[in-house]
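Written below as structure tokens is the structure these notes are about.
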There are 2 protein chains.
Amino acid sequence: MPAMDEVFKALADASRRSLLDRLHARNGQTLNDLCDGLAMTRQAVTKHLAILEAANLVTTFRHGREKLHYLNPVPIHQIGERWIRKFERGKLTALSELKRQLEKRDE
Amino acid sequence: MPAMDEVFKALADASRRSLLDRLHARNGQTLNDLCDGLAMTRQAVTKHLAILEAANLVTTFRHGREKLHYLNPVPIHQIGERWIRKFERGKLTALSELKRQLEKRDE
DNA sequence: TTGACATGCAACCATTTGGTTGCCTATCAT
DNA sequence: ATGATAGGCAACCAAATGGTTGCATGTCAA
């Protein structure tokens, strides 16, 4: 069970989010598949994938000399459920307080 | 309009997420309010708050010599809507592909 | 078996990050 | 006015991050 902190850290990098996007578009890609079109060496991509795998956002299977990468949407879902939702409750309250302060500014 | 990347980066740090938690628990706190109990200097907290403010996750108002910090839940909500939701669609598909691969492993 | 392909490992590098200390400025209360 | 309180600024530092290059290993196909 990877800590939520690992997931947040993994999602903090735009290259890694774009790798997740690519897997979302087409699941089960090899390392080389994921490399092409990117302005990065294969080794850099490997490192990013390792971080995504450690955060459990990506799961891999060896198939001969190929390593297939699959998106695991569960941790993303959990961020939504366990973290973002918390801030949705009370969102209107927070916003109305903000508004009240903005108006008080001109007193 | 702060780029979503800034928001993700701001959320990547546990100390910053805990500052948001504190504001969620009680909105409109001063810098010193937010400092106490934390194992960090005031200046470190200032830097974190600056990053949260740049990402538009926190808005501030001066009131005399005090600076009041308010949570802005909008960017968090947008991460949920614009990013996380995208991966919820197709979540079941992705999971069933994962399952299929896991089973294929034992052939 | 031998070359080509897919990936792994390790050392190295520059920059960013999260934190510190020291000092300065502004505001409030007496 | 003056001390205490709230915050700001800047320089500095160690460690983490994102990337590179070079070489090694494992696997497939002819």
Side-chain angles (χ1 to χ4, degrees), chain A residues 2-23 26-55 57-70 101 104-105 107, chain B residues 2-23 26-55 57-70 101 104-105 107:
Chain A
M4 215 171 52
D5 186 63
E6 249 184 314
V7 179
F8 272 110
K9 286 230 166 67
L11 296 181
D13 186 89
S15 305
R16 284 194 290 269
R17 288 196 306 277
S18 116
L19 285 170
L20 293 179
D21 283 340
R22 287 170 151 236
L23 287 178
R26 182 163 68 86
N27 215 354
Q29 297 188 61
T30 69
L31 171 57
N32 275 325
D33 287 343
L34 290 167
C35 279
D36 64 50
L38 295 192
M40 239 186 299
T41 58
R42 176 176 54 84
Q43 287 78 357
V45 176
T46 301
K47 285 194 184 180
H48 283 306
L49 288 172
I51 289 168
L52 291 171
E53 215 179 326
L57 285 158
V58 161
T59 307
T60 62
F61 302 94
R62 306 286 321 214
H63 183 264
R65 63 180 163 181
E66 294 185 330
K67 189 177 188 181
L68 300 175
H69 297 77
Y70 287 83
Q101 283 299 322
K104 228 167 81 180
R105 203 189 40 183
E107 282 175 6
Chain B
M4 214 171 51
D5 186 62
E6 248 183 315
V7 180
F8 271 110
K9 287 231 167 66
L11 295 182
D13 186 273
S15 305
R16 285 192 290 270
R17 289 197 306 278
S18 116
L19 285 170
L20 293 178
D21 282 340
R22 286 170 151 236
L23 288 177
R26 182 162 66 87
N27 215 355
Q29 298 188 61
T30 70
L31 173 56
N32 276 325
D33 286 343
L34 289 168
C35 280
D36 65 49
L38 295 192
M40 240 187 298
T41 59
R42 178 176 53 86
Q43 286 79 355
V45 176
T46 301
K47 283 193 184 181
H48 283 307
L49 288 171
I51 288 169
L52 291 171
E53 216 178 327
L57 285 158
V58 160
T59 307
T60 62
F61 302 94
R62 305 285 321 213
H63 182 264
R65 62 182 163 179
E66 294 186 330
K67 189 177 188 181
L68 299 175
H69 297 78
Y70 288 83
Q101 283 299 323
K104 230 168 81 180
R105 202 189 41 183
E107 284 174 6

**Prompt:** Looking at His48(A), does any N or O in its side chain come under 4.0 Å of the phosphate oxygens OP1/OP2 on dG19(D)?
**Reply:** yes

**Request:** Over all heavy atoms of both residues, which pair between Arg42(B) and Cys35(B) is shortest? Give the atoms and the distance, please.
**Result:** CA-SG, 3.6 Å

**Prompt:** Any donor-acceptor pair under 3.5 Å between the side chain of Arg42(B) and the base of dG8(D)?
**Reply:** yes

**Asked** Are any of Arg16(A)'s side-chain N or O atoms less than 4.0 Å away from OP1 or OP2 of dG18(D)?
**Response** yes

**Request:** Could you tell me the separation between the NE2 atom of His69(A) and the C1' atom of dG8(C), rounded to a whole number of Å?
**Result:** 12 Å

**Message:** Could you tell me how far apart Lys67(A) (NZ) and dT27(D) (P) are, to the nearest whole angstrom?
**Reply:** 13 Å

**Asked** If you take atom types as modelled and just measure distance, does the side chain of Gln43(B) reach the base of dG7(D) with a donor-acceptor pair under 3.5 Å?
**Response** no

**Fill in**
Atom CD of Glu66(A) and atom P of dC5(C) are separated, to the nearest Å, by 13 Å

**Complete:** Of Lys9(A) and Arg62(A), the one whose closest nucleotide on DNA chain C sits nearer the 5' end is Arg62(A)

**Prompt:** Is any side-chain N or O of Thr41(B) closer than 4.0 Å to OP1 or OP2 of dT20(C)?
**Reply:** yes

**Asked** Nearest-Å distance, NZ (Lys47(B)) to P (dC13(D))?
**Response** 13 Å

**Request:** Return the value, rounded to whole Å, for the distance between atom CG of Leu31(B) and atom P of dT25(C).
**Result:** 19 Å

**Prompt:** Does the side chain of Leu68(B) reach to within under 4.5 Å of the side chain of Thr30(B), using non-hydrogen atoms?
**Reply:** yes

**Under 3.5 Å donor-acceptor, His69(B) side chain and Gln29(B) backbone** = yes

**Worked check of side-chain contact (heavy atoms from CB on, under 4.5 Å) between Val58(A) and Leu20(A)** = CA-CA 8 Å; Val58(A) 161; Leu20(A) 293 179; 3.9 Å; yes

**Request:** Assign each of Gly64(A) and Ala44(A) to its nearest nucleotide of DNA chain D by heavy atoms, then name whichever residue's nucleotide is nearer the 5' end.
**Result:** Ala44(A)

**Length of the CZ-C1' vector between Phe61(A) and dA6(C), whole Å** = 18 Å

**Request:** Please check the phosphate of dG7(D) (OP1 and OP2 only) for any side-chain N or O of Asn32(B) closer than 4.0 Å.
**Result:** yes

**Request:** Could you tell me the separation between the CD1 atom of Ile51(B) and the P atom of dG8(D), rounded to a whole number of Å?
**Result:** 15 Å

**Prompt:** Is a donor-acceptor contact shorter than 3.5 angstrom present between the side chain of Arg65(A) and the base of dT7(C)?
**Reply:** no

**Asked** Roughly how many Å is it from CG in Leu68(A) to P in dT27(D), rounded to a whole number?
**Response** 14 Å

**Asked** For Leu34(B), does its backbone N or O pair with a side-chain atom of Arg22(B) as donor and acceptor, under 3.5 Å?
**Response** yes

